[in-house]
Each structure stands twice: as structure tokens, then as C-alpha cells.
Protein chains: 2
Amino acid sequence: MHVHENEDLAQRLATSGLRMTRQRQQVFDVVAESHDHPTAEQIFERAKKSNPEISFATVYNCLSVLVECGLVRQVILDRAPVRFCPNMREHWHFYCEQCGEVLDIDVPKDGAFHTGNLPDAFTVNHVDVALRGKCNRCSSQQKN
Amino acid sequence: MHVHENEDLAQRLATSGLRMTRQRQQVFDVVAESHDHPTAEQIFERAKKSNPEISFATVYNCLSVLVECGLVRQVILDRAPVRFCPNMREHWHFYCEQCGEVLDIDVPKDGAFHTGNLPDAFTVNHVDVALRGKCNRCSSQQKN
DNA sequence: CTATATGCAAATAGTTTGCCTGTTA
DNA sequence: TAACAGGCAAACTATTTGCATATAG
């Protein structure tokens, strides 16, 4: 189902000279199974279900390792805690400013998106696009 | 030179039922004169030049008021401190992952940018685009 | 075996809050 | 002359670090 299977995780870690551990597996599993862009704290709570001994610092550690290895993506949308998502394909995010929900948006195929009037000699590695507004649920509640 | 003159500031504040104060003017002036997307701390340091009595909490207060009134924009690029910019026209940002420099990028006129496969009933208020990579200076230093 | 990762607790960074005083409309 | 804003210090939140112990390769 997911892009990365368990062996792949060990391999990707090994490639970067990093060890496979129970905790890294657990944290990865939690993110891979989550489709709500959880925060580090939410990941910690979920990871505790399979390993009540896991520590918060380890969750942070594992997450930063997974991000480094390109197995998990970090999403920064506001000054709230950073969120994580297992979707490594190119995609955008929709962020509901009312309820905080985050949604993956496919990049439109015809979305002739170019990097604009960027001065020469600039190198673009990645383009982050976040649409901000109200989700369907919050839009229908006429409130505000 | 700038989009907003001083009278305008007082007016915009008044429209939101807010008062004009020396500190709000000073903080606004600092941001308006800055083209390097300063952090709250940098704004504090610069504001102290014209008013050594100003407090850090007041700078935060003034900034959030100015952001609310649409006079200053908040830019969130990473887990580092929030940055501010006086450019209220639609534009994107380029963020150098090596030196941290932030640059305004004009939205390409032909930049066929549409909000993609967004489910019905979603309302988009704003689109945040950040290009990440290396600036010209960091690109030429082959380092990394 | 030994370098690396974990767990815990304490430290840090950025930001926010509470409370009293000063200032604006 | 009130309601609002500033100043200061303390609180808070998210994250990082240091260090002793455990574990993967």
C-alpha cells in the first residue's frame, strides 16, 4: 500500500550509515499510517500504543532522521507545531485556517508552474505550495 | 516610495478600532524600510535605535496588530523565527537553504497557476509559494 | 565489541501572558 | 477620563541537548 516497505526503511537508513531500530520503525509506521499530518506530539502519543516506553526526545530524533533520509516530509504551515506527512510524491497542501485541517492536493498536471523571474544562478531544489482558506465543512458553517 | 504612508497607518489602525501609537509607527517604519525579511528580534534591535525604551513584548504586539490590519506580512519558512515583510502585493518567496536569505519573487504574469484539484466547497483565501534552494552566492561557492 | 541510539531530565528559543502604569482619542 | 497600549518579568510551548545506559551491526 505504501511506497516504502519495511525492508526499504532499513535499507534507506543503511545508505545514510544509520541503524535500524525498533523506535525508528515504530515512528515511521505511525507516520505512514497517518493521513492527518500529525504533529510530533501526536506521533508520540500514537507510537506509545505499540511501545509505551518510547520517549518524546526519541520521537523527535527519529522524525529528523526520517526527514533527512527522505522517508517523511515536514510541513510548516504556521507557528503551530511542525506537521509530518508520509506522502513523498510532489504535492501541495491545503490548510484550513479555521479548523487547522491539512489536506494533500495533487499538483495539477497542466499546472504550468514555473519558478518565475528568479535571478540567474539560483538553484531551486523544491517548491512548497500551501493553499490557505476554509475547508468544505468550515465553509458550510457560515460562521465567520 | 512605500505603498503605505504614515497617515494611512493611522487610518488603517482606526478602521480596526485600534489606536495609533509611537511604537506601532516605529515598528511599522522598521519593517517598511527593511528588505531582508527581518525576524521579530531584528525588528526589536532596529526599533531600539529610534526608541531605546521599546520592549520586546511591544514589538511582538505591534507586529501582530500590523499583520491583522494587513499592513505587514508574516512569512513562515522553517522552524526558525517567523519573518516579516512589508510587501503586501502578491508575491512568492525564495528561501536559500544554505544562508537563510529570503528574496521576494514576482509572480510570473503568465504563471498559469491554478489551485488544482481542490474538492468543491473549499474556499481559498491565499496561496503561499516558497521556492527553496541556493541563492546565487551560495550556488557559486561549490561547497556542499 | 563499540559506535550509535535511546530515555530521561534539564536547557533553550521563540513567543505569549498578566499585571500594573502610561497614553491616546 | 476611560479604554487601550506599553513595559517588565514570568510563563508557556515546542524543540534540543547532555549524559548515562542499552542495543544494533
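The chains referred to below are lettered A, B, ... by the order of the sequence lines, with proteins before strands, and numbering in each begins at 1.
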Between N or O atoms, less than 3.5 Å apart, protein on one side and nucleotides 23-25 of chain D on the other: list the pairs.
residue : atom : partner : partner atom : Å
D:dA24  : O3'  : A:Met20 : O            : 3.2
D:dA24  : N3   : A:Arg19 : NH1          : 3.3
D:dG25  : OP1  : A:Met20 : N            : 3.1

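Rounded to whole Å, atom C1' of C:dG14 lies 15 Å from atom CG of A:Asp78. Remark: P of C:dT16 and CD of B:Glu68 are 12 Å apart, rounded to the nearest angstrom. Rounded to whole Å, the distance from CD on A:Gln42 to P on D:dT15 is 11 Å. To the nearest angstrom, P of D:dT16 lies 10 Å from CG of A:Leu63. B:Phe84 has its CZ atom 13 Å from the P atom of C:dG14, to the nearest Å. For B:Ile76 and D:dA14, the CD1 to P distance is 14 Å, given to the nearest whole Å. The CD-C1' distance, from B:Gln74 to C:dG14, rounds to 13 Å in whole Å. In this structure, A:Gln26 atom CD and C:dA5 atom P are separated by 16 Å, rounded to whole Å.
Listed by residue number, the members of residues 44-61 of chain B with any heavy atom below 4.0 angstrom from DNA chain C are B:Ala57, B:Tyr60.
Taking the six-membered ring for Trp and thresholds of 30 and 60 degrees, A:Tyr60 and A:Phe56 have nearly parallel ring planes, at less than 30 degrees apart.
Counting non-hydrogen atoms under 4.0 angstrom, B:Val65 reaches nothing in the nucleic acid.
By the salt bridge (charged side-chain N to carboxylate O under 4.0 Å, His left out) test, B:Glu45 pairs with B:Lys48, sequence neighbours left out.
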Does the salt bridge (charged side-chain N to carboxylate O under 4.0 Å, His left out) test come out yes or no for A:Arg73 and A:Asp104, once each step is laid out? CA-CA 12 Å; A:Arg73 216 163 119 173; A:Asp104 286 355; over 6 Å; no
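When the nucleotides D:dA5, D:dA14, C:dG14 are ranked by their closest atom to the side chain of A:Glu41, D:dA14 comes out on top.
Distances shorter than 4.0 Å separate some side-chain N or O of A:Arg79 from OP1 or OP2 on C:dT15. Distances shorter than 4.0 Å separate none of the side-chain N or O atoms of B:Gln23 from OP1 or OP2 on C:dT23.
When each of B:Cys138, B:Cys135, B:Ser139 is tested with A:Phe122 by the rule side chain to side chain contact (heavy atoms under 4.5 Å, CB included), just one qualifies, namely B:Cys135.
Taking 4.5 Å as the limit, every side-chain heavy atom of A:Ser34 sits out of range of all side-chain heavy atoms of A:Gln42.
To the nearest 0.5 Å, atom CZ of residue A:Arg46 and atom CD1 of residue A:Ile54 are 14.0 Å apart.
For the pair A:Tyr95 and A:Leu77, the tightest heavy-atom approach, listed with the atom from each and the gap, is CD1-CD1, 3.8 Å. Nearest heavy atoms, A:Pro86 versus A:Ala32: CB-CA, 3.7 Å. The heavy-atom pair separating B:Arg24 from B:Arg19 by the smallest distance is NH1-O, 2.7 Å.
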